[in-house]
S.K.: 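If you scroll down you'll find the structure; I have some questions about it.
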Protein chains: 2
Amino acid sequence: MNATNDQQDIKREKILEASHQRFLHYGYSKTTMNEIAGDLSMSKALLYYYFPDKSELYMAVMRKLASDYLKQLEDKFGHFTNLREAFLFQVNTHHDFIVNNYNFFDFFRLNEQNLPDTIWETVGHIRNAEIKLLANAIQSEVDKGSIQAVTNPVEIVEVFLDALHGIKVGGSVPHKKLNFPHKEHLDEIHNKRLLLIDIFVKGLK
Amino acid sequence: MNATNDQQDIKREKILEASHQRFLHYGYSKTTMNEIAGDLSMSKALLYYYFPDKSELYMAVMRKLASDYLKQLEDKFGHFTNLREAFLFQVNTHHDFIVNNYNFFDFFRLNEQNLPDTIWETVGHIRNAEIKLLANAIQSEVDKGSIQAVTNPVEIVEVFLDALHGIKVGGSVPHKKLNFPHKEHLDEIHNKRLLLIDIFVKGLK
DNA sequence: ATTTGATAGTTTTGTTAAAAAAGTCAGGAC
DNA sequence: GTCCTGACTTTTTTAACAAAACTATCAAAT
């Protein structure tokens with residue numbers, strides 16, 4: 001019975017890998033269940049044996065990606081020597097996360113509204129982990145006495161994370177309002193975020 | 001000839017006022033040229049005598065609003081006693097601008113992409129004025145020696161303005177990704193922005 | 001120079017049919 | 001009983017097209 005479940009888990013994993021590749025290269029709506037099944041040389045019906053529907057399959061891939069990301073954050077939790085280091089780590093890790101899975105997230109841009117509700121749960125987990133990481137770093141500094149006491153570290157981190165998300169490209173004349181940045185702009189955005197960190201962390205001292 | 005032009009300008013102004021009201025209450029797409037003409041007891045054809053088309057009419061209203069906003073910024077240009085005051089002024093003025101014309105900007109949310117190109121020109125003017133105002137304030141402080149010298153004030157202001165735009169509501173669990181904030185959230189956003197100012201300005205010291 | 005009714009041209013909306021994809025199920029293999 | 005499939009049903013997407021609504025134009029009137 002355990003052996004059976006192992007087999008199941010292995011197959012589930014295979015399905016997730018194949019799905020990840022498809023979603024990564026073609027996005028959610030341009031990927032069909034038949035194609036995924038074809039990649040694995042199995043029938044479409046079998047996919048539905050392992051996953052209830054397409055969006056759950058997508059979400060399962062997403063949860064796996066998110067889980068990897070969360071793991072990276074947790075591994076470093078409480079191990080920072082100063083505030084700046086913590087903020088830098090969060091921004092850099094996040095940057096890599098987005099760059100490595102850029103096309104996968106086309107799903108967000110395409111559907112814009114009416115996404116499956118469960119997606120926000122995962123997004124919430126990620127955000128909470130980021131908040132926890134940075135709020136803890138702030139609290140540590142407060143305890144050490146190296147920055148002034150603050151009323152509410154979480155509130156500050158929320159503002160910081162929002163501010164990060166606001167950073168866009170297009171200096172002098174904004175041209176098109178595009179919610180999702182183009183891939184070739186990610187590095188420029190990243191650099192601006194590093195500048196924001198400099199100022200923000202200094203402002204907390 | 002001058003009298004004639006005066007008359008023209010007065011009528012143009014009337015049209016702009018009526019259009020403003022319509023756009024403000026019903027948004028761009030839910031306002032028809034017939035309705036505007038009806039409000040003014042004139043024929044639709046006459047509207048086209050004064051304005052080339054509907055989007056140009058909308059843009060004319062927008063330019064008027066933008067012009068008022070720019071005037072407010074210019075009146076205070078260089079008259080700040082410290083950096084914080086300048087940043088506060090910009091954020092507060094911007095807040096009032098959005099609140100007072102909230103529904104007018106539904107146009108942006110509805111059309112999202114494919115807006116008339118001229119709109120970005122006006123948006124650019126606003127942004128440039130904001131940048132100029134704040135960059136000047138920073139430079140003044142640098143000259144006074146009350147904050148450290150910075151390599152590029154404009155770059156810093158751009159990051160600040162982007163950060164401001166990123167401030168959203170929805171603390172713990174984000175629910176719906178909505179590009180345009182709801183009206184009832186504007187005050188909460190405003191308060192968060194004030195917090196950002198505190199930290200950001202301090203970070204420049 | 002201003003104004004309008006009539007009308008031409010275009011965009012939006014609603015309908016329907018065909019195609020494609022999602023999702024189901026009875027039954028076969030092990 | 002677990003895993004798997006081909007055939008099938010249901011739902012969604014796409015395309016085509018007609019009707020309605022709206023934008024935009026223009027000859028003629030004041």
Side-chain angles (χ1 to χ4, degrees), chain A residues 1-16 18-19 22-23 25-61 106-107 109-119, chain B residues 1-16 18-19 22-23 25-61 106-107 109-119:
Chain A
M1 197 209 281
N2 269 346
T4 306
N5 283 338
D6 284 355
Q7 283 304 109
Q8 265 203 357
D9 289 348
I10 287 171
K11 185 145 272 185
R12 269 211 176 78
E13 203 56 37
K14 291 259 189 235
I15 294 173
L16 289 179
S19 304
R22 279 282 169 187
F23 290 140
H25 290 319
Y26 303 105
Y28 182 81
S29 60
K30 292 293 183 189
T31 295
T32 73
M33 295 297 265
N34 266 322
E35 288 166 343
I36 295 173
D39 291 346
L40 295 159
S41 302
M42 61 171 60
S43 73
K44 179 178 58 171
L46 191 53
L47 289 182
Y48 286 95
Y49 178 77
Y50 287 97
F51 293 92
D53 62 31
K54 188 183 176 185
S55 71
E56 278 300 318
L57 178 53
Y58 182 88
M59 284 306 304
V61 176
D106 272 15
F107 183 55
R109 190 170 55 74
L110 260 68
N111 289 35
E112 196 68 27
Q113 251 67 351
N114 64 293
L115 302 168
D117 283 349
T118 48
I119 222 170
Chain B
M1 196 214 282
N2 268 348
T4 306
N5 284 338
D6 284 354
Q7 283 304 108
Q8 265 203 357
D9 290 347
I10 287 171
K11 185 145 271 187
R12 271 212 175 76
E13 203 57 37
K14 292 260 188 233
I15 293 173
L16 288 180
S19 305
R22 278 282 169 187
F23 290 141
H25 290 317
Y26 304 105
Y28 182 81
S29 59
K30 293 293 183 191
T31 295
T32 72
M33 296 298 265
N34 265 323
E35 288 167 343
I36 295 173
D39 291 346
L40 295 160
S41 302
M42 60 171 60
S43 73
K44 179 178 57 174
L46 190 54
L47 289 181
Y48 285 94
Y49 177 78
Y50 286 97
F51 293 93
D53 60 32
K54 188 183 177 185
S55 73
E56 279 300 316
L57 178 53
Y58 182 88
M59 283 305 305
V61 176
D106 271 15
F107 183 55
R109 190 169 55 73
L110 261 67
N111 289 36
E112 195 69 27
Q113 252 65 354
N114 64 291
L115 301 168
D117 283 350
T118 48
I119 223 170

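Residue numbering restarts at 1 for every chain, and letters A, B, ... go by the order of the sequence lines. Just so it is clear, the model here is predicted, and its values are computed rather than measured.
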S.K.: So which of residues 36-49 of chain B are in contact with DNA chain C, with a heavy-atom cut-off of under 4.0 Å?
M.R.: B:M42, B:S43, B:A45, B:L46, B:Y49
S.K.: Quickly work out the B:R22 CZ to D:dC22 P distance and round it to whole Å.
M.R.: 12 Å
S.K.: Between D:dC22 atom C1' and B:Y26 atom OH, what is the distance in whole Å?
M.R.: 18 Å
S.K.: So which one's nearest nucleotide on DNA chain D is more toward 5', A:K30 or A:Y50?
M.R.: A:Y50
S.K.: Can you measure B:R12 atom CZ to C:dA1 atom C1' for me and round it to whole angstrom units?
M.R.: 13 Å
S.K.: Decide side chain to side chain contact (heavy atoms under 4.5 Å, CB included) for A:T118 and A:E56; before the verdict, give the C-alpha distance in whole Å, the side-chain angles of both, and the deciding distance to 0.1 Å.
M.R.: CA-CA 9 Å; A:T118 48; A:E56 278 300 318; 4.3 Å; yes
S.K.: Looking at the side chain of B:K11, which of C:dA21, D:dC22, C:dT3 is the nearest nucleotide?
M.R.: C:dT3
S.K.: Under 4.0 Å, counting only non-hydrogen atoms across every strand here, what does B:F51 touch: a base, just sugar-phosphate, or nothing?
M.R.: nothing
S.K.: Report yes if some heavy atom in the side chain of B:M33 is under 4.5 Å from a heavy atom in the side chain of B:L57; otherwise report no.
M.R.: yes
S.K.: Does A:L40 form a side chain to side chain contact (heavy atoms under 4.5 Å, CB included) with A:L46? I'd like the steps, not just the answer.
M.R.: CA-CA 10 Å; A:L40 295 159; A:L46 191 53; over 6 Å; no
S.K.: Does one side chain, of B:D53 or B:S55, offer a donor that lies under 3.5 Å from an acceptor on the other?
M.R.: yes
S.K.: In this structure, how many angstroms lie between the P atom of C:dA22 and the OH atom of A:Y58, rounded?
M.R.: 15 Å
S.K.: Side chains of A:R12 and A:I15, heavy atoms from C-beta outward: is any pair under 4.5 Å?
M.R.: no
S.K.: Applying a 4.0 Å non-hydrogen cut-off, can you work out what B:S55 is touching in the nucleic acid: base, sugar-phosphate, or nothing?
M.R.: nothing
S.K.: D:dC22 P sits how many Å from B:D53 CG, rounded?
M.R.: 17 Å
S.K.: So how far is it from B:K44 NZ to B:I36 CD1, rounded to the nearest 0.5 Å?
M.R.: 11.5 Å
S.K.: Calculate the interatomic distance between B:I15 atom CD1 and C:dT2 atom P; express it in whole Å.
M.R.: 11 Å
S.K.: Measure from NZ on B:K54 to P on D:dA21 and round the result to the nearest Å.
M.R.: 15 Å
S.K.: Rounded to whole angstrom units, what separation is found between the CG atom of B:N34 and the P atom of D:dA20?
M.R.: 18 Å
S.K.: Do B:Y50 and B:L16 make a side-chain contact, defined as non-hydrogen atoms from C-beta onward lying under 4.5 Å apart?
M.R.: no
